[in-house]
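The sequence lines fix the lettering, A, B, ..., with proteins before strands; numbering per chain opens at 1.
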Amino acid sequence: MLDIRMFREHADVIRADHDKRGLSHDSIDDVIRLDEEWRKSQYDADQLRRKRNEAARGIAAAKKAGDDATFAQIKAEVDAIASEIEALGIQADSQQAERDLIRMSIPNILHASVPKGEDDGGNTQHSMHGSKPNFDFEPRTHNDLIEANKWVDLPRAAKIAGSRFFFLKGDLARMELALQQYAVDFIASRGYTFVQPPVMMNRQAYEGVTDLEDFESVMYNVQPDGLYTIATSEHPLTAMFMDEVIEPSQLPIKIVGVSPCFRREVGAHGQGDKGIWRVHQFTKIEQIIISHPDESWDFHEELLTNCVELWDSLGIHYEVVNICTGDMGTVAAKKYDLEAWLPAREEYKEIVSCSNCTDYQANRLRMRYRTAEGNSAVHTLNSTAVATSRALVAIMEQNQLADGRVRVPDVLQSYMGDTETLEPCNW
RNA sequence: GCGGACGUCGCAUAGCCUGGUAUCGCGCCGGAUUUGAAAUCCGGUGGUAUUUACCGCGGGAGUUCAAAUCUCUCCGUCCGCGCCA
C-alpha cells in the first residue's frame, strides 16, 4: 500500500507509474477524491466533538454541586450534538474504508531501472552465469529422471492428497535435505539470522504482505480457525514486525528462513508444469531484509549477489533477468529472477525471485523506524535462496549421466555422507 | 480442555476498588554546557488533521451525560492442573 501522502503531494509520480504500466488513472482519482471527502467529514466531526467537549466541561461540577437545572441544560446541549457526530462519523469511516480498499489495489511505484514491457517477453537479461552442459547423449527431462529412478511418487500422493502433491524418496530426498542445510549455512555465514517461522497466519497479518487476489487463487484457508497456510516464509518473516516501531540502531534486520510453502496453483496446467516443477507444497530457503529506506537498493543488490554466489557454487548454469513492468505484480518495486537452463526443453525457467518491496508492505503492516521528525515506514526486501523442488529439477537435468543417475554438486556431497551420485530407488 | 492472575505510547510502570484532562522512570531525538566524551540542565518523543483540535490504555460490543476505570465477549501472556510429539 502506498503512503497516503504520495496521493496528496506526489500524485504525479503515481500517475507516471501507471502510464509506465499501461493502467488508467481512475483508481488514483478515486483515492484522491475519497481522501478529500474523508478529511472534510473527519474535520467537521472533530469540530462537533470539540463543541461537545467544551459544553460537557461543566457537567461534572454541576452534578457534584447538585445543580440539576444546569446539568439538564448541558445534557440537552450535548445530546443534540451527539447524533450529528455519529452520522458524520459513520460517513467518515465508510469514506476512509473505501479509500483504503482502492489504495490497497494500487501497485507499488516501480524503480526507474525497471524495463518497460507488456509481459514476461519484455524482461531483459541482467547477466549470464556458467555455461550450458554438453551431453554425448540426449538429455532427459526431470519427469523422465524421477520416474526412471523412482525418486518421486506422484500417483500415490494424488491418491491421498491430490494432484501436484508428491512423495520425495531415496537419494533425491536426501539431497533435498542437504540443499536446505547448505543454503541455510551459506546465507547464515553472511550475517543473516536463521529463523523458522509459523506456517499458518491469520487474515489480518496476511493482508499486509500479499496481493488481495492471492486469497482466492494461491492460499489454502484452514478451517475451522480461518488461518491461511503460508505461500512462502517471506510472509511470516516480514509480517513478524507488524505494528512495531524499530529502533534505527536495530536496522538492518537480516534473516534466512526455511519453511514449507503451500500454493493452490488454481488454473495452472500445461506440459511445462509436469513432474515437481509446479506443486502445491515445497520447501524454500528465503532471505529477508528489513532496512532503512536509504539502504534498500544496496541491499537488493546484496541479495542478488548472495543468490548468484550460492548458485554458482552449485555449478548450475542460469541467467539473471530484470523483470519488466508488465510482469511485475503489485508489491515489488523491482525484481530480479534467476532462470536455470533446462537442457531437455532448451529453456531458461524461474528458480529464484529477488524483490525490493520498498515501503509497500511496511505501510500496510505499520512497520516503522524511529526518526527525529517522527516514525517512518521501513523498507522490506525478500529473495529466494533455494526453492528445493525447482533446485532439484535444475540439478537433475544439468547433472544427469548417460545411465540416468545424477551427479551430486560438489558442495552438497559432504552434507550427505560424501555421496557422489544419486542412485535409483528400488520401489 | 479446566481454574486463577494479567494486558496502559519503543521498554518499564502508576492510575482501576470509589467512572470526570495519560503518571514516574529508562531508552531515543534536539538544544545548552564541553577541546571531545561522560555527567548535568532544558525541550521533544502514539495516531490523524484544515496545527493546538480530535482520537487513542490488547480487539469488539454494552451501561453512562461521561469508561484506562464498570459489564459482556473475543484475542493474547503468565501460573497451576490435565492431555500430548
Gln95(A) CD to A49(B) C1', in whole Å, measures 15 Å
Could you work out the separation of G36(B) and G15(B) based on their P atoms and round it to a whole Å?
45 Å
In whole angstroms, the gap separating P of G47(B) from CG of Asp3(A) amounts to 13 Å
Rounded P spacing from G60(B) to C55(B) in Å
16 Å
Residue pairs passing the ring pair (Phe, Tyr, Trp, His ring centres under 6.0 Å) test with at least one member in residues 9-58 of chain A, sequence neighbours excluded, are none
**Q.** Distance-only side-chain donor-acceptor flag, Tyr228(A) / Arg203(A), under 3.5 Å
**A.** yes
Syn within 90° of 0, anti beyond: U50(B) is anti
Applying side-chain contact (heavy atoms from CB on, under 4.5 Å) to Asp410(A) and not counting sequence neighbours gives Arg407(A), Gln413(A)
Output row for RNA chain B, stems defined as at least 3 consecutive Watson-Crick or G-U pairs under 3.5 Å, is B:1-7 with B:75-81, B:27-32 with B:40-45, B:46-48 with B:53-55, B:58-62 with B:70-74
Rounded to whole Å, the CD1-C1' distance (Ile246(A) to G27(B)) equals 16 Å
Arg49(A) meets the side-chain contact (heavy atoms from CB on, under 4.5 Å) criterion, sequence neighbours left out, with Gln42(A), Ala45(A), Asp46(A), Arg52(A), Ile85(A)
Give me the distances for all protein-to-nucleotides 9-12 of chain B N/O pairs that come in under 3.5 Å?
residue, atom, partner, partner atom, Å
G10(B), O4', Arg370(A), NH2, 2.8
G10(B), N9, Arg370(A), NH2, 3.1

Ile74(A) CD1 to G20(B) P, in whole Å, measures 18 Å
Taking the P atom of each, how far is C54(B) from U21(B), in whole Å? 14 Å
For U35(B) versus G46(B), give the span between their P atoms, rounded off to a whole number of Å. 35 Å
With sequence neighbours left out, the residues meeting side-chain hydrogen bond (donor to acceptor under 3.5 Å, both in side chains) with Gln96(A) are none
By side-chain hydrogen bond (donor to acceptor under 3.5 Å, both in side chains), His142(A) pairs with (sequence neighbours left out) none
Applied to residues 245-264 of chain A, the ring pair (Phe, Tyr, Trp, His ring centres under 6.0 Å) test, sequence neighbours excluded, yields none
With B for base contact, S for sugar-phosphate-only contact and - for none (protein heavy atoms under 4.0 Å), nucleotides 50-67 of chain B reads B--SSS---------B--
Sorted by chain and residue number, the side-chain hydrogen bond (donor to acceptor under 3.5 Å, both in side chains) partners of Tyr182(A) (sequence neighbours excluded) come out as Ser313(A)
In short, ring pair (Phe, Tyr, Trp, His ring centres under 6.0 Å) pairs touching residues 288-312 of chain A with sequence neighbours left out are His111(A)-Trp297(A), His292(A)-Tyr369(A), Trp297(A)-His300(A), His300(A)-Tyr336(A)
side-chain contact (heavy atoms from CB on, under 4.5 Å) filter on Thr330(A), not counting sequence neighbours, yields Pro107(A), Asp211(A), Tyr360(A)
Separation of A49(B) atom P from Phe7(A) atom CZ, nearest Å, is 14 Å
Discussion item. Measuring only the P atom in each nucleotide, how far is A85(B) from C74(B)? A whole number of Å is fine.
Written reply: 29 Å
ask   = Are Lys284(A) and Glu286(A) within salt-bridge range, i.e. N to O under 4.0 Å?
value = yes
